[in-house]
Engineer: 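This is the structure I have questions about; it appears just below.
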Amino acid sequence: MSKLVIVGTVAFDTIETPFGKTDKILGGAATYIGISASNFEVDGAIVSVVGGDFPEENIDLLKDKGINVEGLEIVKDGKTFFWSGKYHNDMNVRDTLTTDLNVLADFNPVVPQVYSDAEVVMLGNLHPMVQMGVIEQMQNPKLIVLDTMNFWMDSALADLKSTIAKVDVITINDEEARQLSGEYSLVTAAKKIMEMGPAFVVIKKGEHGALLFHKDEMFYAPALPLAEVFDPTGAGDTFAGGFSGYLAKTGDFSFENMKIAVIYGSVLASFCVEKFGTERMVNLSKKDVQQRLEQFKKLTQFKIH
Ligand code: AMP
């Protein structure tokens, strides 16, 4: 089985959407990525940090999904990363209310020795220097994918740019692509971001799907139109987990295969938003994924007579 190293926050979130509000629940970029990637036959390992306040049952949930947690450091006297956000009626728009880095503030990631030869590295959202620290511990990765967000563009742009220079693929949302490139057009933004290093750029557009760019080529995957969207939190990370999990499983990093990875990312993200937090993702079957893949095909195929 291919190895996939996953970096990112493992967190507590509180979320408010027009449909309700949660208490502190399990969240974090690495959590969503790991659970999403576990839908593929890959050997995934999370490298992250939590505090002594993080319940054992959350760690068990990750283990039950077959995710290796040797690289999940527990700082006994520290507090877990905490994020809270509130969505508007248009759920493409959200306000971050709180970001408490807590144990993440002085985290030095350690990639377990047996995973240092992983083929694929998925650098989920957290401090770009932590992402860089992981790259430096890898022996000879075939593909490095990076996800990030505006928080790090605002607080650590120079570090972020030096990390971006070292990766093959970047996945970010449309507003972040505009902020990073200073360009409004997403086509021009993608070109500028490719000049920063990554050969592939994926721009996520929430309910409007995702775009993949490589050299002069472009591919678009819609998001599946859903009757009910309860909570978009983690959709971007779930996309990244499906994308990188599929690529790790197949070991084919061509543009053609990345198109399919984008579709898998979109399929998995479409489940994530159906319930609050990770609830839908932990109860996902292979059959669910397969059926939705068929729906995606139907949605986009047409014949010209
Ligand atoms: P997404 O909706 O895909 O952007 O991801 C939301 C998840 O990212 C939540 O579970 C948060 O815990 C986590 N998160 C929020 N802000 C940050 C940040 N600045 N760095 C890393 N993870 C974050």
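In listed order, ligands and their atoms are each counted from 1.
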Engineer: Would you please determine whether Tyr32 falls within less than 4.0 Å of ligand 1 on a heavy-atom basis?
Structural biologist: yes

Engineer: Any carboxylate oxygen within less than 4.0 angstrom of a Lys/Arg side-chain nitrogen, looking at Asp252 and Lys142?
Structural biologist: no

Engineer: Within the structure, does Gly234 bring an N/O atom to less than 3.5 angstrom of an N/O atom in ligand 1?
Structural biologist: yes

Engineer: Using heavy atoms and a threshold below 4.0 Å, how should the contact between Asp13 and ligand 1 be classified: side chain, backbone, both, or neither?
Structural biologist: side chain

Engineer: Any nitrogen or oxygen of Gly236 lying under 3.5 Å from a nitrogen or oxygen in ligand 1? Just yes or no.
Structural biologist: yes

Engineer: When you measure from atom 14 (N) of ligand 1 to every protein heavy atom, which one gives the shortest distance, and what is it?
Structural biologist: Phe81 CE2, 4.0 Å

Engineer: Do the charged groups of Asp231 and Arg94 touch, with an N to O distance under 4.0 Å?
Structural biologist: no

Engineer: Give a yes/no on ligand 1: does Phe239 have at least one heavy atom closer than 4.0 angstrom to it?
Structural biologist: no

Engineer: If you count the atoms of ligand 1 from 1 in the order shown, which ones are under 4.0 Å from a heavy atom of Phe151?
Structural biologist: 19 (N)

Engineer: Using 4.0 Å as the upper bound for N to carboxylate O, is an ion pair formed by Glu274 and Arg292?
Structural biologist: yes

Engineer: Is His127 near ligand 1, meaning one of its heavy atoms is under 4.0 Å from it?
Structural biologist: no

Engineer: Taking non-hydrogen atoms only, is Thr9 closer than 4.0 angstrom to ligand 1 via side chain, backbone, both or neither?
Structural biologist: side chain

Engineer: Near Asp237, which atoms of ligand 1 are under 4.0 Å from a heavy atom of that residue?
Structural biologist: 1 (P), 3 (O), 5 (O), 6 (C), 7 (C), 8 (O)

Engineer: Assess the residue pair Tyr246 and Asn257 against the criterion (side chain to side chain donor-acceptor pair (under 3.5 Å)); give the C-alpha distance rounded to whole Å, side-chain angles, the decisive distance to 0.1 Å, and a yes or no.
Structural biologist: CA-CA 9 Å; Tyr246 173 78; Asn257 202 46; 2.9 Å; yes

Engineer: With the side chain counted from C-beta on, respond yes when Tyr220 and Leu212 share a heavy-atom pair under 4.5 Å apart, and no when they do not.
Structural biologist: no

Engineer: Quick one: does Phe82 get within less than 4.0 Å of ligand 1, heavy atoms only?
Structural biologist: no

Engineer: Show which atoms of ligand 1 fall inside a sub-4.0 Å distance from at least one heavy-atom site of Gly27.
Structural biologist: 10 (O)

Engineer: Just which atoms of ligand 1 are under 4.0 Å from any heavy atom in Asn125?
Structural biologist: 17 (C), 18 (C), 20 (N), 21 (C), 22 (N), 23 (C)

Engineer: Using the rule side chain to side chain contact (heavy atoms under 4.5 Å, CB included), only one of Ile6, Leu4, Val7 pairs with Ile33; which is it?
Structural biologist: Ile6

Engineer: If you round to the nearest 0.5 Å, how far is NZ of Lys275 from CZ of Phe230?
Structural biologist: 9.0 Å

Engineer: Using a 4.0 Å heavy-atom cut-off, which part of Arg94 comes near ligand 1: side chain, backbone, both, or neither?
Structural biologist: side chain

Engineer: Applying the ring pair (Phe, Tyr, Trp, His ring centres under 6.0 Å) criterion to His214, which one of Phe253, Phe200, Phe219 satisfies it?
Structural biologist: Phe200

Engineer: Check the orientation of Phe12 and Phe54. Use parallel for under 30°, tilted for 30 to 60°, and perpendicular for over 60°.
Structural biologist: tilted

